[in-house]
Amino acid sequence: MDAGSVNSSSNSKSQSRFPLQEQILQRKSSKENLDRFIPNRSAIDWDYAHYMLTEGKKGKENPLDCSPSREAYRKQLAETLNMNRTRILAFKNKPPAPVELIPQEHISSSHLQTKPTKPRRYIPQSSERTLDAPDLVDDFYLNLLDWGSSNVLAIALGNTVYLWDASDGSTSELVTIDEEIGPVTSVNWAPDGRHIAIGLNNSEVQLWDSAANRQLRTLRGGHISRVGSLAWNNHILTTGGMDGQIINNDVRIRSHIVETYRGHQQEVCGLKWSASGQQLASGGNDNLVHIWDRSLASSNSATQWLHRLEDHTSAVKALAWCPFQGNLLATGGGGGDRCIKFWNTHTGACLNSVDTGSQVCSLLWSKIERELLSAHGFNQNQLTLWKYPSMVKMAELTGHTSRILFMAQSPDGCSVATAAGDETLKFWNVFGIPEVAKPTPKANPEPFSHLARIR
């Protein structure tokens with residue numbers, strides 16, 4: 001096949017699917033797949049039904065043969081044998097009335113006042129929305145999806161970074177980089193929700209102003225290979241590369257490299273700062289997790305880690321700091337490990353380990369409940385919602401046909417976006433609705449409360 005035919009086929013393929021266009025599912029007509037209700041045949045008294053259809057109607061058909069005494073006898077016999085029933089077919093078995101072992105009058109009122117139970121939250125089993133994500137790079141070690149504080153989701157598709165506004169569903173193209181320096185290998189929003197960092201395959205990192213749609217600067221000289229992970233800590237942008245290095249960049253100054261962390265021997269594929277901004281967790285393809293502390297950082301030499309966690313047996317990309325316990329970190333291992341582990345980052349102790357049965361690609365804590373969401377690869381490509389700390393499965397959500405590579409959480413903490421190797425972007429309402437704090441009612445001041453009381 002010549003080059004012209006290859007180009008024409010690729011162009012037709014790219015034109016057939018547009019980035020971030022919603023998929024419309026064909027719904028079947030309402031007349032299809034109708035079901036019928038089948039009564040509970042186990043509750044049918046067949047002997048009585050046969051009697052009512054045969055013997056029971058004889059008296060009604062021949063009223064002259066029924067004397068008053070015989071009719072009275074028949075009614076008394078029917079009451080005794082519980083035959084005064086008008087329904088032959090029973091649709092439901094009625095449960096027997098409960099037997100009170102202790103009469104109510106002997107139970108004190110304190111025992112009757114039980115704590116009200118919280119109603120179980122409904123968790124939708126399917127995604128709310130599905131968007132096309134053509135040319136999404138199917139690479140476990142990259143980080144190509146992030147949801148900013150301004151409610152705009154950024155996703156890298158090949159050499160292009162697209163922005164999808166969750167408030168109105170509009171899509172815009174931020175930048176398409178040159179083939180020589182691409183593809184895009186990581187994206188991460190700054191805390192202000194306006195500025196975004198874009199890691200590239202050629203070791204550079206670009207900073208963009210999304211509101212003005214212009215590039216601010218390029219960070220060079222830190223890494224010697226692709227930058228697959230990014231994490232902001234106020235004005236510090238931390239970058240992790242395939243070279244195993246972790247670099248803190250102060251984006252306000254010309255000489256942006258202020259600290260370098262060396263501890264990984266292979267690619268750094270996960271970076272997360274704690275909420276306090278004091279500790280940094282890093283995960284790598286060398287199966288290691290490091291905890292770095294800002295108080296130990298030094299600009300003169302490579303900084304030593306606070307903890308080196310070696311329990312995982314596969315690459316660690318999934319990292320999530322607990323929102324309700326500052327020193328609790330959850331980590332997830334790749335296909336050869338399949339475990340979610342919980343760590344006390346003050347002591348470095350492993351608190352728990354759960355075998356999930358499949359590759360752990362991403363982890364997210366709920367901002368509303370004590371729950372953890374994990375995204376998985378082969379063989380179900382599912383989302384699993386866990387109750388913490390019991391780690392009981394609350395729900396398993398399926399829909400992707402390939403491993404879920406990336407996951408991001410909405411600013412309000414309710415929705416989750418997932419991007420998978422099947423080139424789709426799905427949105428899930430998995431964490432529920434945040435409870436709105438009720439305003440404290442204002443006390444009505446007493447009349448003349450500003451005057452001294454006369455006693």
Side-chain angles (χ1 to χ4, degrees), residues 17 19-26 123-147 153 155-158 164 185-187 228-229 269-270 283 285 287 312-320 330-341 353-366 371-387 391-410 414-431:
R17 292 183 65 194
L20 306 186
Q21 294 296 309
E22 187 161 8
Q23 294 183 355
I24 307 299
L25 300 178
Q26 296 294 331
I123 303 172
Q125 296 298 300
S126 59
S127 59
E128 289 186 312
R129 185 192 298 249
T130 300
L131 304 180
D132 279 325
D135 300 324
L136 180 72
V137 179
D138 188 352
D139 192 328
F140 173 82
Y141 302 101
L142 305 184
N143 293 273
L144 304 180
L145 182 70
D146 195 30
W147 205 330
L153 186 138
I155 185 171
L157 302 178
W164 184 81
T185 51
S186 54
V187 293
S229 52
C269 49
N285 193 31
N287 310 343
H312 283 289
T313 58
S314 189
V316 183
K317 174 190 173 185
L319 305 168
T331 61
D337 181 84
R338 306 181 305 274
C339 290
I340 299 175
K341 297 183 185 293
S353 180
V354 178
D355 189 346
T356 67
S358 59
Q359 178 186 46
V360 183
C361 301
S362 186
L363 292 171
L364 282 176
W365 287 95
S366 169
E371 297 167 1
L372 180 70
L373 183 68
S374 56
H376 297 272
F378 181 81
N379 57 357
Q380 283 189 286
N381 310 311
Q382 83 280 13
L383 292 172
T384 303
L385 184 63
W386 310 83
K387 188 69 178 176
M391 291 305 287
V392 172
K393 286 184 183 180
M394 299 181 62
E396 282 198 336
L397 312 177
T398 56
H400 282 292
T401 58
S402 183
R403 62 178 176 176
I404 302 174
L405 295 164
F406 318 113
M407 186 162 59
Q409 191 174 17
S410 61
C414 299
S415 300
V416 169
T418 57
D422 57 13
E423 296 189 344
T424 61
L425 177 65
K426 292 182 180 291
F427 295 84
W428 313 78
N429 183 15
V430 64
F431 285 136

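Numbering of residues begins at 1 and proceeds along the displayed sequence.
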Taking atom [atom1] of [X] and atom [atom2] of [Y], what is their separation to the nearest 0.5 Å?
{"X": "Ser415", "Y": "Lys426", "atom1": "OG", "atom2": "NZ", "value": "14.5 Å"}
{"X": "Trp428", "Y": "Arg129", "atom1": "CH2", "atom2": "CZ", "value": "14.5 Å"}
{"X": "Leu136", "Y": "Leu425", "atom1": "CG", "atom2": "CG", "value": "8.5 Å"}
{"X": "Ser362", "Y": "Leu319", "atom1": "OG", "atom2": "CG", "value": "9.0 Å"}
{"X": "Phe378", "Y": "Arg338", "atom1": "CZ", "atom2": "CZ", "value": "11.0 Å"}
{"X": "Met407", "Y": "Leu364", "atom1": "CE", "atom2": "CG", "value": "4.0 Å"}

Of all heavy-atom pairs between [X] and [Y], which one has the smallest distance, and what is that distance?
{"X": "Leu153", "Y": "Ala417", "result": "CD1-CB, 3.5 Å"}
{"X": "Pro134", "Y": "Leu157", "result": "O-CB, 3.4 Å"}
{"X": "Ser314", "Y": "Gly336", "result": "OG-N, 3.5 Å"}
{"X": "Glu396", "Y": "Thr384", "result": "OE2-OG1, 3.7 Å"}
{"X": "Ser410", "Y": "Cys414", "result": "OG-N, 3.4 Å"}
{"X": "Cys361", "Y": "Ile404", "result": "CB-O, 2.9 Å"}

Is a side-chain donor or acceptor of Glu423 paired with a backbone partner of Gly421 at a separation under 3.5 angstrom?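 Here the side-chain-to-backbone pair does not exist.
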Do Asn287 side-chain atoms and Ala315 backbone N/O form a donor-acceptor pair below 3.5 Å?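 Looks like yes, one N/O pair under 3.5 Å.
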Among Leu373, Val392, Thr356, exactly one meets side-chain contact (heavy atoms from CB on, under 4.5 Å) together with Trp386. Which residue is that?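 So, applying the side-chain contact (heavy atoms from CB on, under 4.5 Å) to Trp386 and each of Leu373, Val392, Thr356, only Thr356 qualifies.
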Find out whether [X] and [Y] are in side-chain contact, i.e. whether some heavy atom of one side chain is under 4.5 Å from a heavy atom of the other.
{"X": "Leu385", "Y": "Leu397", "answer": "no"}
{"X": "Thr401", "Y": "Asn381", "answer": "no"}
{"X": "Leu131", "Y": "Ile155", "answer": "no"}

ring-ring contact (aromatic ring centres under 6.0 Å, His included) involving Trp365 - partner list, sequence neighbours excluded: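 Here the qualifying residues are Phe324, Tyr388.
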My understanding is that only residues two or more places apart in sequence, or in another chain, count here; which of them pass ring-ring contact (aromatic ring centres under 6.0 Å, His included) with Phe427?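 Expected list: Trp147, Trp164.
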Quick one: do Val360 and His376 satisfy side chain to side chain contact (heavy atoms under 4.5 Å, CB included)? Show the steps, please. CA-CA 5 Å; Val360 183; His376 297 272; 3.9 Å; yes
Apply the test side chain to side chain contact (heavy atoms under 4.5 Å, CB included) to residues Lys317 and Asn143: give CA-CA distance (whole Å), side-chain angles for both, the deciding distance (0.1 Å), then the verdict. CA-CA 9 Å; Lys317 174 190 173 185; Asn143 293 273; 3.6 Å; yes
Checking Asp337 against Thr313 for the side-chain hydrogen bond (donor to acceptor under 3.5 Å, both in side chains) test, could you report, in this order, the C-alpha distance in whole Å, the side-chain angles of both residues, the deciding distance, and whether it holds? CA-CA 5 Å; Asp337 181 84; Thr313 58; 3.1 Å; yes
Mind checking side-chain contact (heavy atoms from CB on, under 4.5 Å) for Leu405 and listing every partner two or more places apart, or none if nothing turns up?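 By the side-chain contact (heavy atoms from CB on, under 4.5 Å) rule, Leu405 matches Asp138, Arg403.
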Steps toward side-chain hydrogen bond (donor to acceptor under 3.5 Å, both in side chains) verdict (His400, Asp422): CA-CA 7 Å; His400 282 292; Asp422 57 13; 3.1 Å; yes
